[in-house]
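One structure is given here, and the rest of the page talks about it.
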Amino acid sequence: MAKELTKRSTDYSKWYNELVANADLAEHSAVKGCMVIKPYGYAIWENMQAVLDKMFKETGHVNAYFPLFVPKSLFEAEEKNAAGFAKECAIVTHYRLKANPDKPGSLMVDPDSKLEEELIVRPTSEAIIWKTYKGWIQSYRDLPLLINQWANVVRWEMRTRLFLRTTEFLWQEGHTAHATREEAIEETEKMLGVYADFSENFLAIPVLRGIKSANERFAGAEETYCIEALMQDGKALQAGTSHFLGQNFAKAFDVKFSNKEGKLDYVWASSWGVSTRLMGALIMAHSDDHGLIIPPKMAPIQVVIVPIYKTDEEHAKIVEHVSVLKKELEAQNIRVKFDDRDTQRPGFKFAEHELRGVPVRLGIGPKDLESGKIELARRDTLTKESVERTNVVAIVVALMVEIQTSMFNLALQRRAESTSVVNTWEEFEAALEKGGFIYAHWDGTPESEQKIKEKTKATIRCIPIDNIKENGKCILTGNDSKQRVVFARAY
RNA sequence: CGGGGUGUAGCGCAGUUGGUAGCGCAUCUGCUUUGGGAGCAGAGGGUCGUCAGUUCGAGUCUGGCCACCCCGACCA
């Protein structure tokens with residue numbers, strides 16, 4: 001483990017890579033572009049899953065599981081969606097290996113095992129799911145159908161980065177079917193709300209809620225909604241998306257239902273997802289040059305207790321003391337770890353837990369036992385204080401809320417400082433240098449958006465949902481515009 | 001797929017005109033230590049990416065291949 005991380009100001013990208021590795025979140029695997037999520041990183045993902053899963057169930061959804069493989073004929077049924085993913089699909093063409101006669105000890109693909117029809121490894125599951133829904137939906141009484149699945153998907157990316165873009169990643173995908181257009185749109189917006197709520201209140205990351213421009217829209221959707229977060233380097237990150245699919249998939253897979261009037265109609269659909277990319281968002285939104293900072297609600301370990309001692313007698317006393325304290329904290333539903341390893345010294349443990357982003361650290365040594373105090377260190381502010389043993393539990397409980405709020409507010413403040421409103425091309429370019437979200441007028445044409453992207457690498461992150469209407473001139477063309485949209489360079 | 005770069009111990013690297021491989025960290029053992037990443041002493045660990053060529057002799061020179069990284073186009 002390196003003693004010091006590269007500083008964010010020196011090389012943000014390097015800082016991120018080192019942090020992911022050193023904090024034991026994930027590592028590169030023997031498979032190009034695919035990562036191994038290590039136990040500590042996976043524990044954070046599990047916390048995300050647990051909260052989201054509860055939220056999905058509270059909004060009426062149930063979980064199911066659909067296959068990893070999608071027959072090519074099904075995949076291509078919804079043309080726009082298939083075309084959108086065509087360039088990044090892994091394809092299974094054979095089902096058997098055999099001994100290689102030219103090279104003893106090695107295996108080769110058995111040419112006799114060619115599949116009649118190729119199988120696509122799902123980049124997303126709309127096709128297989130809508131094929132299935134056809135059999136499940138006949139009447140308005142079968143609607144709405146509100147299903148989510150936790151799964152892995154594969155998108156063959158050119159360039160990958162741990163958590164942010166990997167060839168295989170974990171996510172959840174909700175797929176719902178509704179009797180009316182309005183209901184499907186309502187569902188799409190509701191789930192965007194769930195994502196925004198999760199991001200802000202659990203990940204402590206403020207997000208913009210918005211609609212994607214046509215260029216950035218999900219292939220096969222009529223409308224794509226998104227939450228956009230801002231990272232500390234001024235780049236935007238799409239943290240979640242929710243799609244109103246109209247009747248596109250219903251038509252492609254012939255999913256019709258009898259409505260109350262006895263007439264056949266295609267069902268209306270939504271789909272929505274967040275992925276392990278949220279791990280990247282969590283890391284880049286909060287962490288500092290000392291390592292990870294995890295908001296208490298997501299931290300696998302919320303409080304770590306480090307004993308300090310010289311002799312076995314001292315150690316025994318501390319163990320006794322800590323076992324009581326640990327129970328008291330656990331009774332308040334705090335996730336506590338007593339780091340009683342005798343193979344590492346206290347200083348090492350301090351640094352390690354700091355690197356791993358444990359929100360609160362308690363240090364207990366002989367001096368504390370004598371004075372009835374405990375040293376309390378706060379990860380987000382790097383502050384230390386000595387507190388009365390009798391008050392520790394109450395202080396820690398309050399700190400869990402305080403740190404969560406404080407982290408959100410800091411992220412919110414950073415975003416505010418990195419948000420610009422510009423009116424001219426010169427101002428726009430200057431704002432891009434600085435980074436962050438840029439509110440600017442755009443004439444609404446895909447051509448202008450494309451041109452701006454080619455010139456500056458900036459894309460329209462979203463058109464905010466509660467956007468204020470305001471007449472102005474497009475920063476590129478000078479044409480009339482009815483509202484500002486949000487530009488940024490993005491991950 | 002284009003442009004650039006790198007492959008030597010678990011990780012990061014050095015290796016001169018070609019002469020049989022080394023440093024730091026990590027690991028292991030022992031002693032001393034323990035309130036912010038311990039110190040000292042000792043030990044283990046290598047098909048030098050791979051295949052061929054030149055040579056008495058290749059980590060070093062030549063050629064092919066493979067892998068990975070960075071920059072572009074694509075993308076949650």
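Chain A is the first sequence line, chain B the second, and so forth, proteins listed ahead of strands; every chain is numbered from 1. Below, all heavy atoms of this structure are taken into account, side chains as well, without hydrogens, waters or symmetry copies.
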What is the separation between atom [atom1] on [X] and atom [atom2] on [N], rounded to the nearest whole Å?
X: A/F350; N: B/A38; atom1: CZ; atom2: P; result: 11 Å
X: A/D24; N: B/C11; atom1: CG; atom2: P; result: 16 Å
X: A/I308; N: B/U34; atom1: CD1; atom2: C1'; result: 9 Å
X: A/K14; N: B/C69; atom1: NZ; atom2: P; result: 16 Å
X: A/L164; N: B/C74; atom1: CG; atom2: P; result: 18 Å
X: A/F348; N: B/G39; atom1: CZ; atom2: C1'; result: 16 Å
X: A/Q344; N: B/G36; atom1: CD; atom2: C1'; result: 14 Å
X: A/H315; N: B/U33; atom1: NE2; atom2: P; result: 18 Å

Answer with yes or no whether [X] presents, from its side chain, a donor or acceptor under 3.5 Å of a partner atom in the base of [N].
X: A/E354; N: B/G36; result: yes
X: A/K457; N: B/G72; result: no
X: A/R345; N: B/G39; result: no

Base, sugar-phosphate, or nothing for [X], non-hydrogen atoms under 4.0 angstrom?
X: A/K349; answer: nothing
X: A/F218; answer: nothing
X: A/T241; answer: nothing
X: A/K212; answer: nothing
X: A/R341; answer: nothing

Report task. Name the residue closer to the 5' end of RNA chain B, choosing between A/G365 and A/F85 according to the nucleotide with the nearest heavy atom. Result ->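 It is A/G365 whose nearest nucleotide is closer to the 5' end.
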Query raised in the report: Which one is paired to B/A38, where only Watson-Crick or G-U wobble pairs with both distances under 3.5 angstrom count?
Result: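 When the pairing criteria are applied, B/U32 turns out to be the nucleotide that pairs with B/A38.
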Report task. Mark yes when over 12 heavy atoms from residues, nucleotides or ligands other than A/K349 sit less than 6.0 Å from its NZ; otherwise mark no. Result ->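 For A/K349, atom NZ is crowded (more than 12 foreign heavy atoms under 6.0 Å).
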Query raised in the report: Would you find more than 12 non-hydrogen atoms of other residues, nucleotides or ligands less than 6.0 Å from A/K80 atom NZ?
Result: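 No, NZ of A/K80 has 12 or fewer neighbouring heavy atoms, counting only those of other groups under 6.0 Å.
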Query raised in the report: Do the numbers put A/K326 on top of the ring of A/F338, so that NZ or CZ is under 6.0 Å from the six-membered ring centre and no more than 45° off the axis?
Result: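 No cation-pi geometry.
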Query raised in the report: If we ignore angles and hydrogens, is there a donor and acceptor under 3.5 Å between the side chains of A/D340 and A/H315?
Result: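 A/H315 and A/D340 do have a side-chain donor-acceptor pair below 3.5 Å.
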